[in-house]
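Just so you know, these numbers use all the heavy atoms, side chains as well, and skip hydrogens, waters and symmetry mates.
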Amino acid sequence: MGDNTLSALRSEALAHIGAIGAVLAAALFTNLTPAQSLTALAAYVVLGIIMLGALATHLPQRRFGLANALTLARGAAVCALTGFLAGPLGSGLLWAASFLAFLCIALDGVDGWLARRFDTVSPFGARFDMEVDAFLMLVLGLLLVVSGTLDAWVLLIGLARYLFVAAGWLLPALRAPLPYSERRRAVCVFQGLALVLALIPELPPFVAGHAAVAGLLATTWSFGVDILYLLRTPASAAD
């Protein structure tokens, strides 16, 4: 039964990957250069492969669900932003990137609401949502650096999640699960909005710099709180 359910889940997920991918490809090749379009599609293929590989953690849910479909659509938008990096970043493209990133942030949380509304909550959905958010922060930082808006230090915001995971290989205590936190979600939204604000073209440089610094400080504080919690909490209590 489990194998059949997983097979059905993967088939449904593949259908969503194909449908969203077709819309993505049409939008990309209509508006971006071939290099940008192919870069975005390559990122989307990698995202799809990783998602399918982790789909077993969605069991015992039997449907891929609207929530995960929305998260996948947000991931496709981040892949489109990744494609922007493969070409010149003029004012028009930066405005488009700002709008697309803001849309991704505005829809964050809707997928969680859909999962609860239709009873499709799972560890897979929560992790998928979190990784798409982390991917978005990293790409926004790269756009700010490649466009010449800010220096490489802004990448620390997007790298924070990945540095935290890497630190877990050195400190096993950091690999323990964390309890749900509204603070963590609020900081994620704040840092995203700070990066979007910094990305808006034609703003005075000090506005972009101050917005990104605020995002970095919030990110550092939030991860610091979680790290201290995990280091001070016995593994049995954190589980």
Side-chain angles (χ1 to χ4, degrees), residues 16-17 20 24 40 43-44 46-51 53-55 57-58 65-85 97-116 120-145 154-168 174 177-199 211-212 214-227:
H16 281 94
I17 290 172
I20 293 172
L24 176 64
Y44 183 69
V46 172
L47 175 66
I49 292 172
I50 293 173
M51 187 194 77
L55 201 55
T57 58
H58 192 47
L66 286 175
N68 291 322
L70 177 58
T71 306
L72 178 60
R74 292 199 304 117
V78 182
C79 291
L81 292 173
T82 305
F84 287 13
L85 296 167
S98 301
F99 173 78
L100 196 55
F102 177 77
L103 187 62
C104 288
I105 294 168
L107 290 174
D108 188 23
V110 176
D111 40 14
W113 178 84
L114 286 171
R116 292 187 294 273
T120 56
V121 175
S122 72
F124 167 81
R127 181 67 180 271
F128 189 25
D129 178 63
M130 179 176 61
E131 297 301 342
V132 167
D133 290 340
F135 184 26
L136 173 62
M137 301 308 156
L138 179 58
V139 172
L140 288 176
L142 287 169
L143 286 168
L144 287 167
V145 173
V154 74
L155 293 176
L156 291 172
I157 299 176
L159 288 172
R161 160 71 183 161
Y162 303 103
L163 292 173
F164 176 77
V165 172
L174 299 184
L178 285 162
Y180 176 81
S181 170
E182 285 292 340
R183 177 259 308 163
R184 199 178 301 119
R185 177 170 290 276
V187 167
C188 180
V189 172
F190 177 78
Q191 69 185 16
L193 292 176
L195 290 174
V196 169
L197 179 61
L199 194 61
L216 179 58
L217 290 174
T219 302
T220 303
W221 167 69
S222 184
F223 274 94
V225 170
D226 286 341
I227 289 170

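- Residues passing the side-chain contact (heavy atoms from CB on, under 4.5 Å) test with Val110 are Leu70, Leu107, Leu114, sequence neighbours excluded.
- Every residue two or more places apart in sequence or in another chain that forms a ring pair (Phe, Tyr, Trp, His ring centres under 6.0 Å) with Phe164 is listed here: Phe223.
- Nearest approach of Gln191 to Cys188, heavy atoms of both residues: CG-O, 3.2 Å.
- Minimum heavy-atom separation, Gly168 to Leu174: CA-CB, 4.0 Å.
- Residues Cys79 and Ala40 come closest through the heavy atom pair O-CB, 3.2 Å.
- The distance from atom CG of Asp111 to atom OG1 of Thr71, rounded to the nearest 0.5 Å, is 3.5 Å.
- We find the CG-CG distance between Leu144 and Leu140 to be 7.0 Å, quoted to the nearest 0.5 Å.
- Residues meeting the ring pair (Phe, Tyr, Trp, His ring centres under 6.0 Å) test with Phe84, sequence neighbours left out: none.
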Could you go step by step and tell me if Phe128 and Leu47 meet the side-chain contact (heavy atoms from CB on, under 4.5 Å) rule? CA-CA 10 Å; Phe128 189 25; Leu47 175 66; 4.1 Å; yes
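- A search for side chain to side chain donor-acceptor pair (under 3.5 Å) contacts involving Asp133 returns Arg74, not counting sequence neighbours.
- In terms of the side-chain contact (heavy atoms from CB on, under 4.5 Å) criterion, residue partners of Ala77 (sequence neighbours excluded) are, by chain and number, Leu100, Cys104.
- With sequence neighbours excluded, no residue forms a side chain to side chain donor-acceptor pair (under 3.5 Å) with Thr120.
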Verdict with supporting geometry, Leu195 and Leu143, side-chain contact (heavy atoms from CB on, under 4.5 Å): CA-CA 10 Å; Leu195 290 174; Leu143 286 168; over 6 Å; no
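- In this structure, Ile17 CD1 and Leu72 CG are separated by 6.0 Å, a value rounded to the nearest 0.5 Å.
- Atom OH of Tyr162 is surrounded by more than 12 heavy atoms from other residues, nucleotides or ligands within 6.0 Å.
- By the side chain to side chain donor-acceptor pair (under 3.5 Å) test, Arg183 pairs with Ser222, Asp226, sequence neighbours left out.
- Rounding to the nearest 0.5 Å gives a distance of 5.0 Å between CZ of Phe124 and CG of Asn68.
- Taking CG of Leu81 as the reference point, atom CG of Leu138 lies at 11.5 Å (rounded to 0.5 Å).
- A donor-acceptor distance shorter than 3.5 angstrom exists from the side chain of Arg184 to the backbone of Pro179, with no hydrogens or angles considered.
- Summarising the geometry, atom OG1 belonging to Thr220 is positioned 7.5 Å from atom CG belonging to Leu156; distances are rounded to the nearest 0.5 Å.
- Checked against side chain to side chain donor-acceptor pair (under 3.5 Å), Thr82 has no partners two or more places apart in sequence or in another chain.
- For the pair His58 and Ser122, the tightest heavy-atom approach, listed with the atom from each and the gap, is ND1-OG, 2.5 Å.
- Across all their heavy atoms, Ala101 and Val196 have their closest contact at CB-CG2, 3.7 Å.
- With sequence neighbours excluded, the residues forming a side-chain contact (heavy atoms from CB on, under 4.5 Å) with Leu193 are Phe102, Ile105, Val189, listed by chain and number.
- Nearest heavy atom pair, residue Arg185 against residue Tyr180, reads NE-OH, 3.6 Å.
- Qualifying side-chain contact (heavy atoms from CB on, under 4.5 Å) partners for Arg127, counting only residues two or more places apart in sequence or in other chains: Met130, Glu131, Arg161.
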